[in-house]
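In what follows, a single structure is set out as structure tokens and then discussed.
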Amino acid sequence: MTDESQSDRAPDDSASLESNSLTRERLAKYRKVMEDGGFPYSFSRTDTTADLKDRFPDLEPGASTGEIVTVAGRLMNTREMGKLIFAVVLDGWGSIQLFVDKRTLGGDTFDAFRDLDGGDWIGATGEVIVTERGELSVKIFEFTLLQKSLRPLPDKWHGLKDVEQRSRRRYLDLLANEDSRRVALTRAKIVSELRTQFESRGYIEVETPVLVGEATGATARPFKTRHNALDMEMQLRIATELFLKRLVIGGIERVFEIGRIFRNEGIDSTHNPEFTMLESYEAFADFQDVMVLVEEVVAACAIVATGGSEITYDGRQIDLAGPYRRATMLELTQEAVGEDMSYDTPVADLRVLARRHGIDPENHWGSGKLIEALFDRLVEETLWEPTFVTEHPIETSPLARAHREKPHVTERFELIIAGDEYANAFSELNDPFDQRARFEAQAAAKAAGDEEAHPIDEDYIRALEYGLPPTGGLGIGVDRLVMLLTDKHHIREVILFPTMRPEPKEES
RNA sequence: GGGUCGCUAGCUCAAUUGGCAGAGCAUCUGACUCUUAAUCAGGCGGCUCCGGGUUCGAGUCCCGGGCGACCCA
């Protein structure tokens, strides 16, 4: 189907640039530069905009410094005042005003500057001054057009609002919306802080395979692909867990990976098919030790992201300084259900209870899965303050070690904040016989209709037979942590290029 | 998968009961030597997402489709 308005909105080749009144003039100027020798291959600047603001923090209005600098960036906004032009140049660190005076530049150069368009990349040299109105500026005496922008930038005041366009054309979003730049930079700071936190504790960062024969370590549908030379089906990983634990078996006692994970499932406000997970494993630690680690790491990330451990999310305060509340899944669920129930309650009774709360239980669900479903339904979204929900059922935790005292449950926790899950951790199951039994239970569930059951990984069991020491493991959803710390409520706001349906082909 | 809302100028959005399709910004022309979303005057710019229907007349109502957002499962 032809969508004419689409091709008007986003002309796709030089023919449509020619046909659009907003781009025709820019194209003519571009061609003129190309005829006259083309655009520069490089450019030397003396200062970024941030450098200038650091170097000249509080000059008086009207000040002249005698300091000659060269800046470069994208021309964002010009305000013409007769024989004066005020222009804003945006670079990777911020923006600075150019003071363009016809008397300083001369008529020809001044006219050439007037000929620039919003979005053009320029370099400019001049004196650092402060205008009479107090704005730090560069009073330029020469400039260079570094590259032409053939298309107009988004609205200078409203920016680019359309959510789809902001994701598809992230470069425009970053140009037009300062908040998008802030989120991108904050994400980088958080990831960097995560590395710092783990490295400073002696953890070694590794990279494990993305491309695997069978995706393991979690219960999720994988992406499938094919390796031609090996003539074999392959999958993209759904977790890094089992590889990292092999490394602990190999003697790397503290190990972590920040890696892209792929799950072939739906897209919504908290799920993107590819996302970033941090997993860490520490020999000789248990889930209690990992809780302390998580408290310290999350608080440290909050401080680099927001300046403090007290953050605002969705209009409400959250204190991320530990220690966090600890509560078992069973007690929280009992409280929400308001009646006596436990893992010993007959499955038939739990099924009735689940149905009463709007859950449609599948046939193969046991008491553990039913209680977890009730927790997910009734409790999770009510937990606002950071809470370690502990002691998940064995049935739903095939890689977690059974609780040292309690039956039915594991030494596991999830960190819930503002109703969402941010971390998942456990004392790692290191008994190869128990692990085999868990895998077999998963296989049975699969045979009973559970499409998300964990596959048996024989090679991993063999590794366990060499001995995994007592180990505390952790997974943190990095994208969600960034959402929390930047006060964003959709995962696409913290992923620069979220997965999207391809754009319809344009007619030219 | 279900429900709700949306799709109008390059961008952000209006358009009364079905009655000439508009504004701001951008762009173009002109004025202006201290602007900060500059201001002022003027101009250009539309297959109203697509297809059908009702009607003297449809951006608006009806049917079908596409795309998107939000909520629910």
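A note on names: the letters A, B, ... follow the listed sequences, proteins ahead of strands, and every chain is numbered from 1. FYI, side chains are in, hydrogens and waters are out, and symmetry mates aren't considered; it's all heavy atoms of this structure.
Between A/M81 atom CE and B/G30 atom P the separation is 17 Å, expressed in whole Å. In this structure, CG of A/D162 is placed 9 Å from P of B/C11, rounded to the nearest angstrom. To the nearest angstrom, P of B/C71 lies 9 Å from CG of A/D268. Atoms CG (A/L98) and C1' (B/U36) sit 13 Å apart, rounded to a whole Å. Between A/L172 atom CG and B/U12 atom P the separation is 11 Å, expressed in whole Å. Here B/C32 presents its C1' atom at 12 Å from NZ of A/K102, a figure rounded to the nearest Å. For A/E80 and B/A41, the CD to P distance is 18 Å, given to the nearest whole Å. In this structure, A/Q165 atom CD and B/A69 atom P are separated by 11 Å, rounded to whole Å.
Across the C1' atoms, B/C71 and B/A58 are found 31 Å apart, a figure rounded to whole Å. Distance noted for atom P between B/G53 and B/C20: 23 Å (whole Å). Nucleotides B/U16 and B/C62 have their P atoms positioned 15 Å apart, rounded to a whole Å. Straight-line distance between the P atoms of B/U8 and B/C50: roughly 10 Å, to the nearest whole Å. Nucleotides B/G6 and B/G18, compared at atom P, are 15 Å apart to the nearest Å. Separating the P atom of B/C47 from that of B/A21 is a span of 14 Å, rounded to the nearest Å. Between B/C7 and B/U48, the distance separating the two P atoms is 14 Å to the nearest Å. On the C1' atoms, B/G59 is 12 Å away from B/C49, given to the nearest whole Å.
Set against B/U33, B/C70, B/C67, the side chain of A/R501 has B/C67 as its closest nucleotide. Among the nucleotides B/C34, B/C70, B/U36, the one closest to any side-chain atom of A/L84 is B/C34. Counting only heavy atoms from C-beta on, A/E164 has its side chain closest to B/G68 among B/C70, B/G68, B/C34. Counting only heavy atoms from C-beta on, A/F86 has its side chain closest to B/C34 among B/A69, B/U36, B/C34. Taking every side-chain heavy atom of A/D117 into account, B/C28 is the closest of B/C28, B/C67, B/C34. Looking at the side chain of A/K83, the nearest of the listed nucleotides B/C34, B/A69, B/U33 is B/U33. Listed nucleotides: B/U33, B/A69, B/U36. Nearest to the side chain of A/D101: B/U33.
Defined by atom type and a distance below 3.5 Å, a donor-acceptor pair is missing between the side-chain atoms of A/R492 and A/S167. Side-chain contact of A/R74 with A/S95: a donor-acceptor pair under 3.5 Å is absent, judged by distance alone. A donor-acceptor contact closer than 3.5 angstrom links the side chains of A/D91 and A/T49.
B/U17: no Watson-Crick or G-U partner with both key distances under 3.5 Å is found in any strand. When both distances must be under 3.5 Å, the Watson-Crick or G-U wobble mate of B/C7 is B/G66. Here B/A23 sits opposite B/U12 as a Watson-Crick or G-U wobble pair (both hydrogen-bonding atom distances under 3.5 Å). Across all strands shown, nothing is found opposite B/U36 as a Watson-Crick or G-U wobble partner with both distances under 3.5 Å. Across every strand in view, B/U60 sits unpaired, with no contact that passes the Watson-Crick or G-U test at under 3.5 angstrom. If you check B/U29 for Watson-Crick or wobble pairing at under 3.5 angstrom, you find it paired to B/A41.
Taking the centre of each ring, A/F99 and A/F86 come in below the 6.0 Å mark. Between A/F262 and A/F275, the ring center distance fails the sub-6.0 Å criterion.
Position along RNA chain B of the nearest nucleotide to A/M500 versus A/E381 favours A/M500 as the more 5'-ward residue. Comparing A/Q97 and A/R114 along RNA chain B, the residue whose closest nucleotide (by nearest heavy atom) sits nearer the 5' end is A/R114.
Taking the six-membered ring where the residue is Trp, A/Y313 and A/W384 present tilted rings, their angle falling between 30° and 60°. Relative ring orientation between A/F113 and A/F143 is described as perpendicular, the plane-to-plane angle rising above 60° on a 0-90° scale split at 30° and 60°.
Contact annotation: the side chain of A/P222 never approaches that of A/L236 to less than 4.5 Å [non-hydrogen atoms, C-beta and beyond].
Taking 3.5 Å as the limit, the base of B/U33 and the side chain of A/R103 contain a donor-acceptor pair of atoms between them.
Between A/R492 and the phosphate of B/G68, there is no side-chain N or O to OP1/OP2 separation shorter than 4.0 Å. Using a 4.0 Å cut-off, some side-chain N or O of A/H490 falls inside it from OP1 or OP2 of B/C70. Here A/R377 reaches the OP1 or OP2 of B/A73: one of its side-chain N or O atoms lies under 4.0 Å away.
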